Amino acid sequence: MRLIKIIFTAAVALAATIASAQGLKVTAELDSTVMTQGYCTDLRVRVLGTADAHTVDWPKEGGQLAGVDVAKISADTADLGNGRRETTYTLTLQPFDPDTVTLPPLRVACGTDTAETRALVLKVLPVELDSLTTIHPMEGPVAYPAKWYDWVPQWVSDYWPWIIIAIGLIAAAVAAWIYFRRGGTVMVRRKRIVPPYELAMHRLGQLRERRLAESGHEKEYYTELTDILRQYLEGRFGINAMEMTSTEIVRSLRANETTRMSADRMRSVLEVADFVKFAKMRPLPDDNVKSYNAAVAFVEDTRPAPEPDTENGENKTEKAK
């Protein structure tokens, strides 16, 4: 009988020990117990208990704990098995007043079981000021420079779309009045079209004044020289020379009765240009002069014949009568 009582007492003690081991435990610690005002530190609260839901008793995010702002709250939960769970709460504290703050115990409840942390002490240091720094008084109001639109009346800003429409209608009415006053005719100044011959001779003169070949820019010189000739052929004879090879250009010139006699001049210019642009050959100064002269001669040889003077012809006929 006595042995049974001893065994029963031991079983009760063991059950109490297991219940105690599986009870609710709460701990808290600060990342830093001494800090400067305005800075942040984390208060970590670890809750170890069963997998049942538990409640916490501390301020929410944005609140205050013993006069210290709680800037942020986050939680991380880990399952330990056997119905046990550990939750770590991180409260980011940000004090703004220098003082020694005692953080009160934080309480956690899980069912009928409750536990709380121990009180923590946080020392907040003031911001060190440089005594050598000159403290200037506050600046007065700054006068903002006025802009032109500051003088625009408010009604203009409110009705500006309608004002623009009204101005457009007035301008259209004035234009219509001028149009009908002139008898329904509108004077349009036409842009003068420069003939291909004049344009080519003008560009050749500009090319000579730039003296590219004399300054060592032979490739750029021959590129522009052949472009002038190719565009002249397109404007003067309708030959799409910009898209043709040198051989195709010469073949087209020899097939045209007007350019047949001058095809060799074009061929000599194109051959030297191809050697300079593709074979990277450096021509002699005489070759540059000969190529330029050949290009000018080709344009001169193929220029259109001057139109007959009709007025003079009529006058001469009348005088003969």
Side-chain angles (χ1 to χ4, degrees), residues 2-141:
R2 190 173 185 181
L3 179 60
I4 294 174
K5 290 183 180 180
I6 294 173
I7 294 173
F8 179 75
T9 304
V12 172
L14 180 61
T17 303
I18 294 173
S20 177
Q22 293 181 350
L24 185 64
K25 292 184 179 180
V26 182
T27 60
E29 62 178 354
L30 284 166
D31 284 356
S32 178
T33 58
V34 179
M35 59 182 302
T36 305
Q37 67 180 109
Y39 287 83
C40 295
T41 187
D42 289 337
L43 171 61
R44 304 184 190 278
V45 182
R46 290 182 175 84
V47 180
L48 180 62
T50 62
D52 298 332
H54 59 265
T55 58
V56 296
D57 184 15
W58 56 67
K60 296 182 179 180
E61 186 173 312
Q64 287 190 337
L65 180 64
V68 178
D69 290 358
V70 180
K72 183 179 179 183
I73 298 177
S74 60
D76 185 18
T77 302
D79 190 2
L80 304 179
N82 296 327
R84 304 287 290 170
R85 181 173 59 183
E86 182 182 36
T87 304
T88 302
Y89 294 92
T90 303
L91 286 72
T92 302
L93 305 181
Q94 187 175 21
F96 291 97
D97 297 323
D99 197 0
T100 299
V101 181
T102 300
L103 303 177
L106 303 178
R107 180 175 298 177
V108 178
C110 181
T112 59
D113 196 3
T114 60
E116 61 181 20
T117 66
R118 60 186 177 86
L120 299 175
V121 178
L122 176 64
K123 186 175 183 180
V124 183
L125 302 177
V127 177
E128 295 185 1
L129 299 178
D130 188 356
S131 59
L132 299 179
T133 303
T134 302
I135 300 177
H136 299 279
M138 295 181 64
E139 289 286 344

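Being a predicted model, the structure only gives us computed values, none of them experimental.
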Measuring from [X]:[atom1] to [Y]:[atom2], what's the distance to the nearest 0.5 Å?
X   : Y    : atom1 : atom2 : answer
R46 : T87  : CZ    : OG1   : 11.5 Å
T90 : D76  : OG1   : CG    : 7.5 Å
L43 : L122 : CG    : CG    : 9.5 Å

Please name all residues satisfying side-chain contact (heavy atoms from CB on, under 4.5 Å) with [X], sequence neighbours left out, ordered by chain then number.
X    : result
A115 : L24, V26
D31  : T41, D42, R44
T33  : L30

The residue among T117, V108, T88 that forms side-chain contact (heavy atoms from CB on, under 4.5 Å) with V47 is V108
By salt bridge (Lys or Arg N to Asp or Glu O under 4.0 Å), E116 pairs with (sequence neighbours left out) R107
The salt bridge (Lys or Arg N to Asp or Glu O under 4.0 Å) partners of E86 (sequence neighbours excluded) come to none
Which pair of heavy atoms, one from [X] and one from [Y], lies closest together, and at what distance?
X    : Y    : result
E61  : A71  : CG-O, 3.5 Å
V101 : A66  : CG1-O, 3.5 Å
T100 : K123 : OG1-CG, 4.0 Å
L48  : R84  : CG-NH2, 3.8 Å
G38  : Q94  : O-NE2, 2.9 Å
P126 : T36  : O-CG2, 4.1 Å

ask   = Is the OH atom of Y39 crowded by more than 12 outside heavy atoms at less than 6.0 Å?
value = no
In short, side chain to side chain donor-acceptor pair (under 3.5 Å) pairs touching residues 64-73 with sequence neighbours left out are Q64-D69
